[in-house]
2 protein chains.
Amino acid sequence: MSRVAPTLEDVARVAGVSRATVSRVVNGTRNVDPELQETVRNAIEQTGYTPNRVARSLVTRRTGTVALVISGAGGGSDVFSDPFFGRVTAGVVDFLRGHGVHPVLMLADSDHARTEVVEFLRQGSADGALLVSTHPADPLPSRLLEAGVPSVLYARPGRPMPIGYVDMDHRAGGRLAADHLVAAGRYNIATISGPMDVLASQDRHAGFRDAMARHGFPYVPTVEGGFTAESGAAAMHRLLTECPDLDAVFAANDLMAQAAVDVLLEHGLRVPEDVAVVGFDDSAPALACRPQLTTIRQPVERMAAQMADLLLADLEKPGQRPKSVIFEPELVVRASA
Amino acid sequence: MSRVAPTLEDVARVAGVSRATVSRVVNGTRNVDPELQETVRNAIEQTGYTPNRVARSLVTRRTGTVALVISGAGGGSDVFSDPFFGRVTAGVVDFLRGHGVHPVLMLADSDHARTEVVEFLRQGSADGALLVSTHPADPLPSRLLEAGVPSVLYARPGRPMPIGYVDMDHRAGGRLAADHLVAAGRYNIATISGPMDVLASQDRHAGFRDAMARHGFPYVPTVEGGFTAESGAAAMHRLLTECPDLDAVFAANDLMAQAAVDVLLEHGLRVPEDVAVVGFDDSAPALACRPQLTTIRQPVERMAAQMADLLLADLEKPGQRPKSVIFEPELVVRASA
DNA sequence: TTGATGTGTGGGAGCGCTCTTACAACGTTG
DNA sequence: CAACGTTGTAAGAGCGCTCCCACACATCAA
C-alpha cells in the first residue's frame, strides 16, 4: 500500500540490465534486443512499476497538462451555471483525452487570480494555456504572450496580437437572424443585445443591424442585456413598454431568449404567433424552452476542440506563426420563429 | 522571451549566497538574517526568478493538484450538459483556489479511461482524487483505494469501504416532497424516479414511498426515469396514460420535473392547479421552468467544497480515519406545487 | 574557562528520469 | 586482414529543487 513506488533502478536490477535500457523499453523502444525487451517487460510487471511523471517532466520540460483558463470579467463561481462554459469544457476534455493531455481548470476573475495563472504557467506547471476570455480589455492574453506561454484563445483578442484563436463569424450569425425574421414577414423587429463591451456581442449586433438596414429597416429598437436570464427578462420588459407593437425579437443568446419568451407569454402574447423569438448559441435552454427556440448555432464544442488542437500543434512544433480558425454559424429553425 | 528561466542557482550567484539560503527565503523563511533576506529578494526581483514547480514536486512528492474525476456510467462528453456537474466543478474550483490547489479534470467513462485515471494518480501527477461517481458498481473507488491514492467521493460508495465521502440525506429529501404534496391536499400522487441503479435514486424513492405510506398511501405509481429531460418527458407520458387522474408528481430531479411540466401543459393540464409538480436539486432548470419549480434543494456547491476540504485534510495529515459528511435537504416552495 | 545550547549559512546528496556519450561486439568492405 | 560502419548496451551527467548535515559563530549557565 504505502510501500515506496518502484523506480527505473529497481526494474533494472530485477531485469539485470541498466536503467537506460529499461527507459528505452518504457518509451520509444528503439534498438533493444527483443529478448531483452521481454525480460524488461516481465520485470516491470513483476515490480508493478509505473514511471514517475514528475521526474520525467523535470527533464523533458513537458507536463502533459494544459491550463483551461476562464477569464470572465463576470467571474465568480457562477460561471459554470452558464451552459457555455460547460460546453467549452466538454469540447476541450473530449479532444485532449485522446492525446494523453489533461486540462487543469483555472478561474481568472481577479487581478490576483490572473497573476496566479501567469505564475502557474511560468513555473512550468502546464505546457500551455487555453484561454476563454470574453472581455476585450482582459490583460491576460498579452501577459501570457509576454511570459512566452504558448496560448490559444477562444474569441479574437481585444487588440491585434500574435496569438492564435478560434472564433465564430458572429456578424454572419446576426445576419442570419435578421434574414430569417424578415423572410418570415416580421416588420416590427427589436433586439436584445449582449453586453456591448464584449466583441462577440458587438459583432452579432452589427451583423444583425446591417442586414436589417439592407432589408429596409434602418432603425432597430435595441436593449442591452448581460447574457443572463435576469437581464434578458428585464430587457424584454423594457422593449415591451418602448415598442408595444413589436412582432419579433432577436436575443443575443439563448438564456436571454428563453427569458424573453417567458416574459412575452406572461404578457399574454403568443410565441411565435404574436411575437417571433430568435436566440443565439443553440445550447440547452434552446431545447428546454417552450416553444423550442429557433436559434443561431454556435458549435462551441467543436470550437473548443479546435482550440485545443491548435495549442497541441503549437506545443508540438513551436515557433510557427499563430493560427486561427473561424467557424460559420448556422440557423436552426424550431418553433419560436 | 525564450531565454531559459533563471534557477535558484542564478539567484544565489547574484545575491552572493548559497542555493539553500535562497530556497529558505522563497519558502518558509525560517532563520535567515533579515538583511540577507532583503538581498535575496532583490536578486529574485532582478532575475525574474520563479520557482520550478516540477522540480519542487519531485522532491516534496506533492504537486499541488488534485484530480476531479467524473466517473459517470453514462459518460461521454455530454455530462457537462447536466447542470449537476457544472455545480460540482464550481464548488470544487471555488474551494481549492483559496488553497493554492488546482483541479485537473478527468472523465472516467470507460475501463480504459479508468485505468488511465489510476495510472495518472499512481504516477504522482496529482496528490489525490475527488471522485464524482454515481454508479454503485463503479470499480474506481476500490481501485483507487487499492492503489493507495487519497480519495474522497461524492456520494457514498456502493459497498462499504474505508473511504471518505460527502452525501445528502436523500431519503429525507424524498420525505420532504411527500409531506409537502400530502399537506397540499393531493391524493393521486405519482412519481418519476431516477435510475434505480443509482443509490441516490433508490434513497429518494424509498424516502418518498415511506412517507407516502405513513400518510396512508401505500401504493405510489412509479415510472423510472434516467435523470435526463427526454426520460422525464417519456415517463410523464406513461404516467398520464396509466393514471389519467393524477394530481401530483414528484420527479427525482429538476431536469425531469421540468420536462414533466412541459408534457402536462401540452396535455392541457394546469400546473399546479390540476397537477402539482415537485422536483429535486434546485438547479438552474428549477428557476427557468414556468411555473418555477417547487423542489428539494441539494447544496451541491457546498457539498463539493466539503469534499475538497476533506481531501485536503487527508493530504495534510494522512492516515486518519476517513471522514464523511452528510448534508440535509431543504424544501424550496415555488409555484409548481 | 568549559561545555551546552542555539542561530545562521553553505555544502552536498539525492528525488526519478532522459539523453548523450562511450564502448563492446559484430559484421562488411576494399 | 586492417579499416570501418552498425547495433545494442552501460555509464554518467544533469534537470531544479529540498533538506539533512556540518560548521562557524554567538550566547549563556556551571
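Numbered from 1 within each chain, the chains take letters A, B, ... in sequence-line order.
Checked against side chain to side chain contact (heavy atoms under 4.5 Å, CB included), B:D10 has the following partners two or more places apart in sequence or in another chain: B:P6, B:T7, B:R13. With sequence neighbours excluded, the residues that form a side chain to side chain contact (heavy atoms under 4.5 Å, CB included) with B:E116 are A:H102, B:H112. Here A:F95 pairs with A:H99 under the ring pair (Phe, Tyr, Trp, His ring centres under 6.0 Å) rule; sequence neighbours left out.
We find the CZ-OG distance between B:R53 and A:S57 to be 13.0 Å, quoted to the nearest 0.5 Å.
Rounded to an integer number of Å, the gap from B:Q37 CD to C:dG8 P is 10 Å. In this structure, CZ of A:R56 is placed 17 Å from C1' of D:dG14, rounded to the nearest angstrom. Atom-to-atom, CG of B:L36 to P of C:dT7 comes out at 17 Å; the value is rounded to the nearest Å. In this structure, CZ of B:R62 is placed 15 Å from C1' of D:dT18, rounded to the nearest angstrom. What separates CD1 of A:I44 from P of C:dC17 is a distance of 10 Å, to the nearest Å. Rounded to an integer number of Å, the gap from B:R122 CZ to C:dG16 P is 14 Å. Rounded to whole Å, the distance from CG on A:L8 to P on C:dC19 is 12 Å.
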Sort me out a list of protein N/O and nucleotides 12-15 of chain C N/O pairs below 3.5 Å, or just none if empty.
unit_1	atom_1	unit_2	atom_2	d
C:dG12	N7	B:R19	NH2	3.3
C:dG12	O6	B:R19	NH2	3.4
C:dA13	N6	B:R19	NH2	3.1
C:dC15	O3'	B:R61	NH2	2.5

List the atom pairs, donor and acceptor, that lie under 3.5 Å between side-chain atoms in residues 303-318 of chain B and the rest of the protein, sequence neighbours left out.
none

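Residue pairs meeting the side-chain hydrogen bond (donor to acceptor under 3.5 Å, both in side chains) criterion with at least one partner in residues 159-168 of chain A, sequence neighbours excluded, are A:D167-A:H170.
Ion pairing of A:R143 with A:E146 is absent here, as no side-chain N (NZ or NE/NH1/NH2) approaches a carboxylate O to less than 4.0 Å.
A close approach under 4.0 Å does not occur between any side-chain nitrogen or oxygen of B:S23 and OP1 or OP2 of D:dC17.
Contacts of B:V17 with the nucleic acid, taken as non-hydrogen atoms under 4.0 Å apart, involve only primed sugar atoms and P, OP1 or OP2.
Contact of B:R24 with C:dG10 (side chain to base): a donor-acceptor pair of N or O atoms is detected under 3.5 Å.
Mapping B:P34 and A:R53 onto DNA chain C by nearest heavy atom places B:P34 at the nucleotide closer to the 5' end.
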